[in-house]
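Remarks on the structure that follows.
Numbered from 1 within each chain, the chains take letters A, B, ... in sequence-line order.
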Amino acid sequence: MEELLYTLNPAQRHAVTFGDGPLLIIAGAGSGKTRVLTYRIAYLLWRGVPPETILALTFTNKAADEMRQRITALVGSSRAQRLWMGTFHSVFARILRAEAERLGYTPDYTIYDTEDSTGLLRFLLRQLGIGPHVLDPSAARHAISRLKNQLISWQEAAAAATTPRERLVAQLYREYDQQLRANNAMDFDDLLLNTIRLFHHHPDVLARYQERFRYVFVDEYQDTNRAQYVALRLLSSRFRNLCVVGDDAQSIYRWRGADIRNILDFERDFPDATLIRLEQNYRSTKRILALADALIRHNRHQIPKQLWTENPDGEPATLLVCADERDEAAQVVEYIRWEHERGRRYGEIAVLYRTNAQSQPLEEACRRAGIPYVLVGSLSFYQRKEIKDALAYIRLLVNPADSVSWLRILNVPPRGIGAATLEHLRTAARQWNCSFFDALQRCDSIPEIRRSARETLRQLIELLHRFRTALGSYPLEVLVLEYLEAVGLLGYYRGDEDEERYQNLERFIATVAEYAEQSPAPTLQEYLQHVSLVSEIDQAPATGEAVMLMTLHAAKGLEFPVVFITGVEDGLLPIAHAARVLEELEEERRLLYVGITRAQHRLYLSYAQYRRRWGEVLPSRPSPFLSELPAEHIRIEYSPNAVPGAGVFAHRPQASADTSPAVSDDGFSGMRPGARVRHPVFGIGLVESLSGHGQERRVLVRFATVGRKLLLLRYAQLQVLE
DNA sequence: GACCTGCTGATTTTT
DNA sequence: TCAGCAGGTC
């Protein structure tokens, strides 16, 4: 241990050997954050702290696995295995399973993913007779999720609602909540919310966990939302050994409820907290760091910090100007080849982009050039239709009350259960005031349902029951295989002309077998939880010999010798609608910052002059962020297919600092407090005030639909109404 | 109740 | 461009 400490810089060592009490570590990109976290945990273990009293929470499974591996390497697996380590969601799911009865759930509760939730809401909206134009199911899900993340109950939401829309959301929230309970199901947000509820309503349970967790660690703290923060405070209040590590400059999950206040409030809630800054960067060259730093300085909201490095200066970044997205992909591939020829392994190269859709031309170009690549993320295996069908069947074995799964599979494969039958079941459930499943079981007493349909339902329920009772007696994968065959799902997809679906199902059963092999005591319930909370990103092979293709979000926490960031264009990065709201624009800037700081030695940025978007070829402009990067660290390379000169100086504002057309008064005459304006998304609003100058000119508008918004004038596409 | 067709909106990001 | 949904037809 002493030797390990010797390898750390003073700030890192301070953090690792810090005694008891709240600790806030602001860790800049590449400053050895994970190292500090793992060493500190190892240090505590070395000092004799029992591993089962340490709780370490991460944001992704990947981060948790990596941390556990590193700690295993330091202290051995017997102790590392006993640590409580995982994502917020998986650790809380585990706690909730142990305490489910206290909340009126059974330990077999089902976890709904986003799609399940949206489906349930679509169902409820239809039941309320509300069309998607009034309230779209996924917008409703988003709104409810936001409320939940802020710990607002439906009662509170209803009380606070002022607009018809808010009232509707509150009503829907209530129905949704009741449905979840009736289904013995929780959505992602509930895993946090219900844990907090559990702690609030059962002080004895809280006390038990407080007593257990003497040390609590949180990685990527800037990504926590309000609910997570409250849970943390509750859990750590007994020993107050809460150690959080984060970097506000890398906060890229605001849209998911991540609340930057959690960093700022930490020192307020823990006045005796110690703040340690890790500012020495071990990852990137000086020039890459200079680019990142210059960029992030344009953000107004941030904790001041100065990253520095002893690494060499390195090369300037290369900006590739390309004709269109295919040309861009071709250029990227060419430079990948160039790097490879100079001894760079493919596995040391990553290509990053803003949206998953951008991966397609890149994949194609790689394939054509014979360059091995791995696509990280994108449509998860477990989100495919056929896999979700299979999962729905399996969920019902574990939790038959899950009406969402029933609705999904009742007529898959088609067995003559249509809208009419469903409607009768629903009516019956309402009449008898029972769950959907209860109504289903009593379908024989619903005369409105056709005899043949009743018979089909009865057989299905019986089949399910048979497999349910057989649950413990067969190997998991055998049971699943026979079950899916018996209900007709395998046969259904086997007959499909599209063979991929059937192959996916085979793969799926193989993953069940794999799980059963790895787990000491495999259960379907545990398997389902695993599937619900583990994304494919987590399983992305730590590959050796393939170029990694992934979104900027997925790249967080990773590093690569060579990084390409593609599509650095206005409307893509920043993404179109984000550019209009200052907070969102700053988040986009942080996203690019995250991308740049992934690079160790070489950085490439690229943009296309034309890009096909939703089927149409549109001219594309370079991202305004490019103009924020110091020119001396960038070398511009034109694709032979690109129009030279054009568009390059568009991002060099020194030529036209205050006369650039977007900022000039032309088109904005009449923009003054009191003016009525129209915004393409928010509709009509009233200008309250103006601030800033030139490029930074901002306007505060009150919209009827969304309330007050602070907008950057040069992006907002505001139209002044006379 | 099954199947077909046309429309719409998505292309943010994920536990 | 395309998938998924809604509505219409047989």
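- Using a 4.0 Å heavy-atom cutoff across all strands shown, Tyr253(A) reaches sugar-phosphate atoms only and no base atom.
- Here dT14(B) presents its C1' atom at 15 Å from CZ of Phe88(A), a figure rounded to the nearest Å.
- Remark: C1' of dT13(B) and CZ of Arg256(A) are 9 Å apart, rounded to the nearest angstrom.
- With hydrogens and angles ignored, a donor-acceptor pair under 3.5 angstrom links the side chain of Thr114(A) to the base of dT15(B).
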- request: Using the ring pair (Phe, Tyr, Trp, His ring centres under 6.0 Å) rule, take Tyr253(A) and Phe59(A) through it: C-alpha gap first, then chi angles, then the decisive distance, then the call.
  value: CA-CA 11 Å; Tyr253(A) 287 102; Phe59(A) 197 62; 5.1 Å; yes
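- No hydrogens or angles considered: a donor-acceptor pair under 3.5 Å links the side chains of Ser90(A) and Thr87(A).
- For dT15(B), the OP1/OP2 oxygens have no side-chain nitrogen or oxygen of Asn61(A) closer than 4.0 Å.
- Taking every side-chain heavy atom of His553(A) into account, dT13(B) is the closest of dT13(B), dT15(B), dG1(B).
- Residue-nucleotide stacking is present for Trp255(A) and dT13(B), judged by a side-chain ring centre under 5.5 Å from the six-membered base ring centre and planes under 30° apart.
- Taking the six-membered ring for Trp and the full ring otherwise, the centers of Phe436(A) and Trp406(A) sit at least 6.0 Å from each other.
- Within the 4.0 Å cut-off from OP1 or OP2 of dT14(B), at least one side-chain nitrogen or oxygen of Thr551(A) is found.
- Nearest-nucleotide positions on DNA chain B for Ser90(A) and Thr421(A) put Thr421(A) closer to the 5' end.
- The side chain of Ser532(A) contributes no N or O atom lying less than 4.0 Å from OP1 or OP2 of dT15(B).
- Listed candidates were dT1(C), dT15(B), dA6(C). Nearest to the side chain of His89(A) is dT15(B).
- Rounded to whole Å, atom P of dT15(B) lies 18 Å from atom NZ of Lys148(A).
- When the P atom of dT15(B) is taken as reference, atom CG of Leu57(A) falls 15 Å away, rounded to whole Å.
- Side-chain atoms of His89(A) never come within 3.5 Å of backbone atoms of Leu192(A) as a donor-acceptor pair (strictly under, hydrogens ignored).
- No engagement by Asp136(A) is indicated, since no non-hydrogen atom pair under 4.0 Å with the nucleic acid exists.
- Among the protein residues, Ala420(A) comes within range of the sugar-phosphate backbone only, with heavy atoms under 4.0 Å from sugar or phosphate atoms but none that close to a base.
- Ring-plane geometry between Tyr515(A) and Tyr527(A) is classed as tilted, the angle between the planes lying from 30 to 60 degrees on a 0 to 90 degree scale.
- The shortest distance between the side-chain N/O atoms of Arg122(A) and the OP1/OP2 oxygens of dC5(C) is below 4.0 Å.
- Atom CG in Leu573(A) sits roughly 17 Å away from atom P in dT11(B) (whole-Å rounding).
- The separation between Glu586(A) atom CD and dT13(B) atom P is 22 Å, rounded to whole Å.
- Atom CD1 in Ile575(A) sits about 9 Å away from atom P in dT11(B), given to the nearest Å.
- Among the protein residues, Arg450(A) comes within range of the sugar-phosphate backbone only, with heavy atoms under 4.0 Å from sugar or phosphate atoms but none that close to a base.
- For Ser403(A) and Asn183(A), the side-chain atoms include at least one donor-acceptor pair closer than 3.5 Å.
- Rounded to whole Å, the distance from CZ on Arg613(A) to P on dT1(C) is 16 Å.
- Here Asn225(A) does not reach the OP1 or OP2 of dT15(B): none of its side-chain N or O atoms lies under 4.0 Å away.
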